[in-house]
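Right, one structure below, let's go through it.
Being a predicted model, the structure only gives us computed values, none of them experimental. Whatever order the structure lists them in is the order used to number ligands and atoms, beginning at 1.
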Amino acid sequence: MQNFNYHSHTYRCGHADLDMKDEEYVEEYIKMGFKKMAFTDHCPEKNEIDKRNDMRMKYEQRKEYLEKIQELKEKYAGQIEIQSGYEVEYLPGEEENLKELKAETDKIVLGQHFVYDDNHNLKIHGKYDFSDKELIRYAEYIEQAMKCGIPDIIAHPDIYMLKRKEFGEIEEKVAHLICKAAEKYKVPLEINLNNIFGKTYYENRKLNHKPIDEQRKNLEKVVYPCKKFWEIASEYDINVLYGIDAHHRGQILLFKELVELANEIIGKETIEKLNFVDLR
Ligand SMILES: [Zn+2]
Ligand SMILES: [Zn+2]
């Protein structure tokens, strides 16, 4: 079982548990026997492009965030290795700012939540329907980010399935573009566990501890991981890993159950073909 996780948020982004201290995340990882973790909260933007509230920390919060991680790193040395990081989106023109964020941290997770449309407005997954052209652009941005050497991990590569009705020709094409680029640039893809969590143990934004058989009934509502995407991914020479994408108290403690559900969605045959990375 994977004993590390590089996708954790903090209260600073505004949509994680606001009363959960950074240290509580660390303590949950230790409780689970994890050897390594990274805080990869939603990055601040030097140029404020994403205007939504409660999505990311402010640029001025960077220093305090990184100092706090450093403090925890020292406090928990010998128990768990703690890294700093950000979850970022690639946008053309923002390369230098992203490289600055990379330079001050250990891990960059690319969570490509949006692309520019033809009018230079942000097209956000889950909020708007994407045209085929914008869907391809999503894959191109991910490739471009890798080409620039920005991400260490591609988070939820299959997030583009939000608001898509089926996995047709264009969805397939996007999957191939992403996987091909991941193979070329040797960047691992993440099987994200947060959408499963949100539809099962965290249904209606409240933690429940119903048995896993009850949780299973909600799996049809889960958009990602997307079975078809991972079937395609399994045909490529790429690395994969699970990402908890922790935002809430108790989420990390459900890691085993969430992995079990993810594997059920993806299917045993595909899971066995995928190349899971070790601690690195
Ligand atoms: Zn988030
Ligand atoms: Zn994300």
Side-chain angles (χ1 to χ4, degrees), residues 5-22 24-25 28 37-45 49-58 61-62 65 69 84-91 94 98 101-102 105 107-115 122-128 130 135 138-139 141-142 145-146 150-164 174 178 182 187-199 201-202 205 207 222-226 229-230 240-252 254-255 258 262:
N5 179 50
Y6 304 139
H7 200 162
S8 290
H9 294 277
T10 78
Y11 64 86
R12 294 171 190 79
C13 69
H15 61 272
D17 280 353
L18 297 180
D19 64 343
M20 187 165 173
K21 293 196 180 88
D22 302 337
E24 289 182 69
Y25 288 89
E28 288 199 7
M37 65 85 58
F39 283 105
T40 45
D41 207 0
H42 296 282
C43 72
E45 291 179 328
I49 295 170
D50 180 9
K51 308 278 188 211
R52 293 174 295 171
N53 292 325
D54 300 330
M55 267 306 148
R56 57 190 70 248
M57 70 180 85
K58 294 266 169 263
Q61 281 179 286
R62 263 161 62 242
Y65 169 69
I69 295 171
S84 62
Y86 293 112
E87 178 174 10
V88 309
E89 292 89 355
Y90 172 83
L91 285 174
E94 291 304 306
L98 292 170
L101 296 177
K102 186 175 177 78
T105 52
K107 283 267 187 299
I108 294 290
V109 170
L110 182 78
Q112 193 64 44
H113 301 107
F114 43 66
V115 300
L122 278 194
K123 207 68 187 271
I124 300 162
H125 288 297
K127 199 167 173 200
Y128 303 105
F130 273 48
L135 223 55
Y138 164 73
Y141 278 18
I142 292 177
M146 290 194 256
I150 293 164
D152 296 294
I153 295 165
I154 307 301
H156 45 60
D158 41 357
I159 196 171
Y160 67 96
M161 290 309 294
L162 287 171
K163 296 211 126 208
R164 303 303 286 187
V174 171
I178 294 171
V187 179
L189 300 184
E190 177 208 62
I191 298 175
N192 188 282
L193 303 173
N194 195 31
N195 192 232
I196 298 178
F197 178 69
K199 304 289 182 201
Y201 292 93
Y202 205 64
R205 300 194 57 79
L207 193 64
V222 173
V223 177
Y224 58 90
C226 167
F229 178 91
W230 292 101
V240 304
L241 74 172
Y242 296 104
I244 299 176
D245 199 354
H247 287 82
H248 304 290
R249 189 173 282 113
Q251 191 169 0
I252 295 157
L254 287 162
F255 179 63
L258 296 170

Take atom NZ in K163; do more than 12 heavy atoms of anything else shown fall under 6.0 Å from it? yes

Under 2.8 Å from the Zn ion (ligand 2), protein N/O/S atom count? 3

Please say whether the positively charged group of K107, taken as NZ for Lys or CZ for Arg, lies over the ring of Y6, i.e. under 6.0 angstrom from the six-membered ring centre and within 45 degrees of the axis. yes

Taking ring-ring contact (aromatic ring centres under 6.0 Å, His included) as the test, write out the residues that go with H7, two or more places apart. H9

How would you list, by chain and number, every residue that makes a salt bridge (Lys or Arg N to Asp or Glu O under 4.0 Å) with R62, sequence neighbours excluded? E104

Taking N, O or S atoms only and a limit of 2.8 Å, check whether C13 reaches the Zn ion (ligand 1). no

By side chain to side chain donor-acceptor pair (under 3.5 Å) - contacts of H125 (at least two apart): none

Ignoring hydrogens and angles, state whether a donor on the side chain of Q251 or D17 is under 3.5 Å from an acceptor on the partner side chain. no

